Amino acid sequence: MGGGGQLTEPGEPGSRRAGGVYTWEEVQSHSSRNDQWLVIDRKVYNVTKWAKRHPGGFRVINHYAGEDATEAFTAFHPDLKFVQKFLKPLLIGELAATEPSQDRNKNAAVIQDFHTLRAQAESDGLFRAQPLFFCLHLGHILLLEALAWLIIWLWGTSWTLTFLISIILATAQTQAGWLQHDFGHLSVFKKSSWNHILHKFVIGHLKGASANWWNHRHFQHHAKPNIFSKDPDVNMLHIFVLGDTQPVEYGIKKIKYLPYHHQHQYFLLVGPPLLIPVYFHIQIIRTMISRHDWVDLAWSMSYYLRYLCCYVPLYGLFGSVALISFVRFLESHWFVWVTQMNHLPMDIDHEKHHDWLTMQLQATCNIEKSVFNDWFSGHLNFQIEHHLFPTMPRHNYHLVAPLVHALCEKHGIPYQVKTMWQGIVDVIRSLKNSGDLWLDAYLHK
């Protein structure tokens with residue numbers, strides 16, 4: 001599903017001549033980690049060896065092994081002609097003429113109409129970015145960073161000013177998170193290499209995280225949102241059970257980690273800060289070291305070096321660590337509530353093999369548009385449009401939204417738009433419901 005490739009070796013599992021003709025049953029039989037085929041535009045590819053070299057990570061390839069990956073392939077790659085040349089060495093044949101273009105439960109009419117909608121969005125220029133928009137966004141992040149330091153340098157480190165700059169720094173960190181998300185999805189520049197460079201700068205130097213770690217994790221979420229064992233964002237068994245299915249399964253098995261029937265209260269108290277500053281940052285650094293990702297590690301360390309140089313002379317080492325910990329605490333609440341209100345209350349279940357539109361709409365909802373909501377959420381209040389068109393610049397989501405809404409109405413697919421308050425309430429309600437389902441299964445089944 002992207003990147004560079006190599007010719008299939010004769011001894012590779014599932015290798016065939018490029019002129020082979022296959023049924024869906026044959027394709028679906030090659031879905032293990034060591035034997036992976038997938039279909040793009042009716043062409044069958046053996047990606048077993050290539051998966052480990054895939055820029056988006058091997059897991060996102062594995063999630064589509066044995067399936068039609070046409071819609072995901074189109075969604076993730078802004079330059080399809082460039083990527084196509086890397087697929088040629090992996091080609092082993094095509095689907096038999098008697099086989100449908102779609103596999104399993106995918107709706108052919110929905111797929112065709114969505115393809116038409118995407119073509120219309122492209123012809124309307126909705127995939128073209130406005131450089132000034134992203135320059136201003138980066139500028140306001142740098143301005144907030146500078147303002148926080150100047151306040152302390154000029155007026156001292158009182159508790160009041162420390163609290164003030166904590167809010168300013170948390171705002172800068174969160175907004176940098178939204179900006180790195182833009183570059184990570186290749187939605188700013190036409191050349192992918194420029195997006196990659198700016199992505200490393202923003203997520204590494206401005207946030208202290210890893211671009212490769214983010215890519216490998218986040219694209220899995222987009223490829224299979226809210227699907228257990230495939231979307232890492234719903235892999236929270238060490239903390240929560242989610243949805244309607246998982247709580248019952250684990251309740252029947254009598255598995256108990258936390259007081260699940262009170263998990264909505266637990267989330268309110270410590271959920272976000274546990275998920276972001278501690279878990280994620282330890283995992284990021286550990287991943288970079290284990291993969292020998294020294295470039296990302298250098299970018300990440302440049303953030304901490306810059307931060308310590310700026311604030312240790314003012315707060316001392318202990319005070320600087322306490323300050324950044326509190327900033328991460330504030331940022332984590334902002335980030336987690338914004339991202340989870342679009343997904344956590346939606347359908348969370350095992351793989352159902354739906355078409356792209358149906359799968360994304362079952363797993364996402366929108367928060368209504370306003371100037372504040374757009375800025376506060378980095379335009380991820382248009383989560384539906386972002387998931388359908390991950391390479392589309394976010395300032396165009398509101399333009400494509402009416403087209404998406406109309407298509408959903410045509411096919412009877414629910415298109416949910418909520419107020420931000422309702423989105424927050426629904427997170428708590430969904431966690432409480434999952435906890436109640438677990439408790440009932442644990443006690444009575």
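We use all heavy atoms of the structure for the numbers below, so side chains are in, but hydrogens, waters and symmetry mates are not. Small disclaimer: the values here were computed from a predicted structure and weren't measured.
Donor-acceptor pairing under 3.5 Å is lacking for the side chains of His137 and His395. Side chains of Asp231 and His221: a donor-acceptor N/O pair is present below 3.5 angstrom, by distance only. For the residue pair Asn212 and Ser210, no side-chain donor N or O sits within less than 3.5 Å of a side-chain acceptor on the partner. Looking at Asn381 and Asp374, their side chains do bring a donor and an acceptor atom within 3.5 Å of each other. A donor-acceptor contact under 3.5 angstrom links the side chains of Asn433 and Asp244, judged on distance only. For the 3.5 Å distance criterion, the side chains of His411 and Asp113 qualify, holding a donor opposite an acceptor.
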(request) Just do the side-chain contact (heavy atoms from CB on, under 4.5 Å) check on Ile203 and His181 with the steps written out, would you? (result) CA-CA 9 Å; Ile203 196 173; His181 181 262; over 6 Å; no

(message) Is there a side-chain contact (heavy atoms from CB on, under 4.5 Å) between Phe389 and Gln360? Walk through the geometry before answering.
(response) CA-CA 10 Å; Phe389 310 103; Gln360 300 296 350; over 6 Å; no

(request) Please report the C-alpha distance between Asp182 and Phe134 in whole Å, then the side-chain angles of each, then the deciding distance to 0.1 Å, and finally whether the side-chain contact (heavy atoms from CB on, under 4.5 Å) criterion is met. (result) CA-CA 9 Å; Asp182 298 317; Phe134 295 101; 3.5 Å; yes

(message) Does Arg33 form a side-chain contact (heavy atoms from CB on, under 4.5 Å) with Phe58? I'd like the steps, not just the answer.
(response) CA-CA 9 Å; Arg33 184 169 182 175; Phe58 71 89; 3.4 Å; yes

(request) For salt bridge (Lys or Arg N to Asp or Glu O under 4.0 Å), just list the numbers for Arg104 and Glu351, CA-CA rounded to whole Å, side-chain angles, deciding distance to a tenth of an Å, and then say yes or no. (result) CA-CA 11 Å; Arg104 307 184 197 251; Glu351 177 67 82; over 6 Å; no

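In this structure the side chain of Tyr311 reaches within 4.5 angstrom of the side chain of Ile165, judged on heavy atoms. Using a 4.5 Å heavy-atom threshold, the side chains of Val400 and Leu117 count as touching. No side-chain heavy atom of Gln362 sits less than 4.5 Å from a side-chain heavy atom of Asn226. With a 4.5 Å cut-off on side-chain heavy atoms, Thr174 and Phe376 do not count as touching. In this structure, the side chains of Phe73 and Gln84 come closer than 4.5 Å at one or more pairs of heavy atoms. Contact of the Leu198 side chain with the Val188 side chain is not registered, since no non-hydrogen atoms from C-beta on lie closer than 4.5 Å. A heavy-atom distance below 4.5 Å is not found between the side chains of Gln246 and Ile348. Under the 4.5 Å side-chain criterion, counting only non-hydrogen atoms from C-beta, Tyr64 is not in contact with Gln36.
Around CZ of Phe318, the count of heavy atoms belonging to other residues, nucleotides or ligands within 6.0 Å does not exceed 12. More than 12 non-hydrogen atoms from other residues, nucleotides or ligands lie less than 6.0 angstrom from CZ of Arg306. Counting heavy-atom neighbours within 6.0 Å of His353 NE2, excluding the residue itself, gives a total above 12.
Taking 4.0 Å as the cut-off between side-chain N and carboxylate O, Lys253 and Glu249 do not count as a salt-bridged pair. Between Lys190 and Asp79, none of the side-chain N atoms (NZ, or NE/NH1/NH2) sits under 4.0 Å from a carboxylate O, so this pair counts as no salt bridge.
Considering all non-hydrogen atoms of both residues, Asn105 and Lys352 come closest at ND2-O, 2.9 Å. Smallest separation of non-hydrogen atoms from Leu357 and Val110: CD2-CG1, 3.6 Å. In plain terms, the two heavy atoms of Ala441 and Pro247 that are nearest each other are CB-O, 4.4 Å. Looking at every heavy atom in both residues, Met392 comes nearest to Ala121 through CE-CB, 4.2 Å. The minimum heavy-atom distance linking Ser187 with Asn195 is given by the pair N-OD1, 4.0 Å. The two residues Leu361 and Pro414 make their nearest non-hydrogen contact at CD1-O, 3.4 Å.
Looking only at distances, no side-chain donor or acceptor of Lys418 sits under 3.5 Å from a matching main-chain atom of Met341. Between the side chain of Trp375 and the backbone N or O of Gln175, no donor-acceptor pair lies under 3.5 Å. Under the 3.5 Å distance criterion, the side-chain polar atoms of Tyr307 are matched with a main-chain donor or acceptor of Ser320. Glu331 places no side-chain N or O within 3.5 Å of a backbone atom of Val327 that could act as its donor or acceptor partner. In this structure a side-chain-to-backbone donor-acceptor pair under 3.5 Å is present from His63 to Arg59. Of the possible polar contacts, one joining the Asn366 side chain to the Gln383 backbone as a donor-acceptor pair under 3.5 Å is found. Not one N or O on the side chain of Glu145 forms a donor-acceptor pair closer than 3.5 Å with the backbone of Ile141. Checking side-chain atoms of Gln180 against main-chain N and O of Gly177 turns up a donor-acceptor pair under 3.5 Å. No donor-acceptor distance shorter than 3.5 angstrom exists from the side chain of Tyr315 to the backbone of Ala322, with no hydrogens or angles considered. Checking side-chain atoms of Asp68 against main-chain N and O of Thr70 turns up a donor-acceptor pair under 3.5 Å.
Annotation: His379 is in aromatic contact with Phe133 [ring centroid separation under 6.0 Å]. Here the two rings, on His343 and His387, have centers that are under 6.0 Å apart. Here the two rings, on His199 and Trp214, have centers that are under 6.0 Å apart.
Residue Ile413 holds its CD1 atom at 6.0 Å from CG of Asp355, rounded to the nearest 0.5 Å. Here the straight-line distance linking atom CG of Leu38 with atom OG of Ser31 works out to 11.5 Å at 0.5 Å rounding. Distance CZ/Phe382 to CG/Leu388: 13.0 Å, rounded to 0.5 Å. A distance of 10.0 Å separates OG of Ser377 from CH2 of Trp334, quoted to the nearest 0.5 Å. We find the CD1-OG1 distance between Ile384 and Thr364 to be 4.5 Å, quoted to the nearest 0.5 Å. Remark: His205 NE2 to Met301 CE distance equals 13.0 Å, nearest 0.5 Å.
Using cut-offs of 30° and 60° for the angle between ring planes, the His218 and His222 rings count as perpendicular.
Cation-pi contact between Lys200 and Phe183: absent, since separation from the ring centre below 6.0 Å together with deviation from the ring axis within 45° is not met.
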